[in-house]
Amino acid sequence: MKVTQIVEPLKAEIVVGEKIAEQDIAGGYCGDLLSDCIANAKEGSIWVTIQSHPNVVAVAVLVGMPCIVICNYQEVNEETTKRAQKEGITILRTSLTSYQAVSVLSSLGIPGTKRHG
Amino acid sequence: MEEDKVLVEIEREIVGGDFQSAGDVSGELKKVLQQVGFPPSFNRRVVIAAYEAEMNVVIHAYRGIFATEIYEDRVHIEVDDQGPGIPDLELAFQEGYSTAPPHIREMGFGAGYGLSNMKKCSDHLEIDTRIGEGTKVVMDFFLNPEK
């Protein structure tokens, strides 16, 4: 599925989206502990989280996640935005909670995925 | 035989408390590993361990040196920091045990999975820690660990 197709269902605002048109997602991961995400999220997933500091972009890059959905309308600071622009990571921001966002993504047919199966 | 020739060497400084650029060294390492052409699953476990080692310096230490040697069939990483050291290594290896302060935890760091992630992802892990001086982490990753 294209990242562009999830923006409206998530009622999301595109905070960073220079590369959004060319991004696909194969699955999803949800979590706020960075050690958990880096170890368990699968490449090509969309990442649903309430963390919005610049290091989430580092984690997305290291895992190979093209898009981060920041929930609860958390503030996204300039450093995070700059880092995402530099790395070509899309950042969406929504007022939905993580659970609500995952429910929407799930109803669109995006499965939960995990590294190693 | 030239099989143990270093293909790439990377040495970078990590600054304690610098959360803005935290993860950059691991990101650079990932790109180099991809360029060298290792399989993605191998790169992933190196990168997970590298990220945790890098973050440990950022979270706990004052500064550190992150040095990597990439060979044809293995990767060697040494992260040497000046910092408080680890008082109880056995405890530090327990998943969920952490000495990170609350404001660090709120950011999703310091959840107590760093050392166990490093142990799970590396084929060899050695930690030398001196209280009040610092910690040195040495990790090796083999393309064919069973060899």
message: For A:Lys86, I'd like to know if atom NZ has over 12 heavy atoms of other residues, nucleotides or ligands within 6.0 Å.
response: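 12 or below, so no.
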
Consider only side-chain heavy atoms of I, L, V, M, F, W and Y, link residues closer than 4.5 Å, and tell whether [X] and [Y] are in one cluster.
X        : Y        : answer
B:Phe42  : B:Leu29  : yes
B:Phe141 : B:Met118 : yes
A:Leu33  : B:Ile59  : no
B:Phe93  : B:Ile86  : yes
B:Leu89  : B:Leu91  : no

- prompt: Non-hydrogen atoms of chain A under 4.5 Å away: do they reach the side chain of B:Gln20, the backbone, both or neither?
  reply: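 Contact with chain A is through both the backbone and side chain of B:Gln20.
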
task: Name the region of B:Asp24, side chain, backbone, both or neither, that has any atom closer than 4.5 Å to a heavy atom of chain A.
output: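 Both backbone and side chain.
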
task: Without swapping roles, check the side chain of B:Arg44 against the backbone of A:Arg115 for a donor-acceptor pair under 3.5 Å.
output: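 No.
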
- request: Using atom types as modelled and distance alone, determine if a side-chain donor or acceptor of B:Asn117 lies under 3.5 Å from a backbone N or O of A:Ala39.
  value: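 It does not hold such a pair.
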
message: Measuring from atom CD1 of B:Ile48 to atom SG of A:Cys37, what distance do you get when rounded to the nearest 0.5 angstrom?
response: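 These two atoms lie 11.5 Å from each other.
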
Distance, nearest 0.5 Å, that separates CG of A:Asn55 from CZ of B:Phe109: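 Result: 3.5 Å between the selected atoms.
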
query: So which of B:Gly114, B:Pro40, B:Ser41, B:Ser21 has the biggest tally of heavy-atom pairs under 4.5 Å with chain A?
result: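 Counting heavy-atom pairs under 4.5 Å, the top option is B:Ser21.
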
message: Would you say that B:Met55 contacts A:Leu34 through its side chain, given a criterion of any heavy-atom pair below 4.5 Å between the two side chains?
response: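 B:Met55 does not reach A:Leu34 side chain to side chain.
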
task: Find out whether A:Ile38 and B:Tyr51 are in side-chain contact, i.e. whether some heavy atom of one side chain is under 4.5 Å from a heavy atom of the other.
output: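 Yes, close enough: below the 4.5 Å cut-off.
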
task: Please name the pair of heavy atoms, one in A:Ala58 and one in B:Ala22, separated by the smallest distance, quoted to 0.1 Å.
output: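 Residues A:Ala58 and B:Ala22, closest heavy atoms: CB-O, 3.7 Å.
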
- request: Could you please state which residues from residues 30-37 of chain B sit under 4.5 angstrom from chain A, measuring non-hydrogen atom to non-hydrogen atom, sorted by number, or 'none'?
  value: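 Within residues 30-37 of chain B, near chain A: B:Lys30, B:Lys31.
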
- prompt: Which residues, numbered in order, of residues 60-85 of chain A come under 4.5 angstrom of chain B by heavy-atom distance?
  reply: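 Under the 4.5 Å heavy-atom cut-off, A:Val61, A:Leu62, A:Val63, A:Gly64, A:Glu79, A:Arg83 qualify.
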
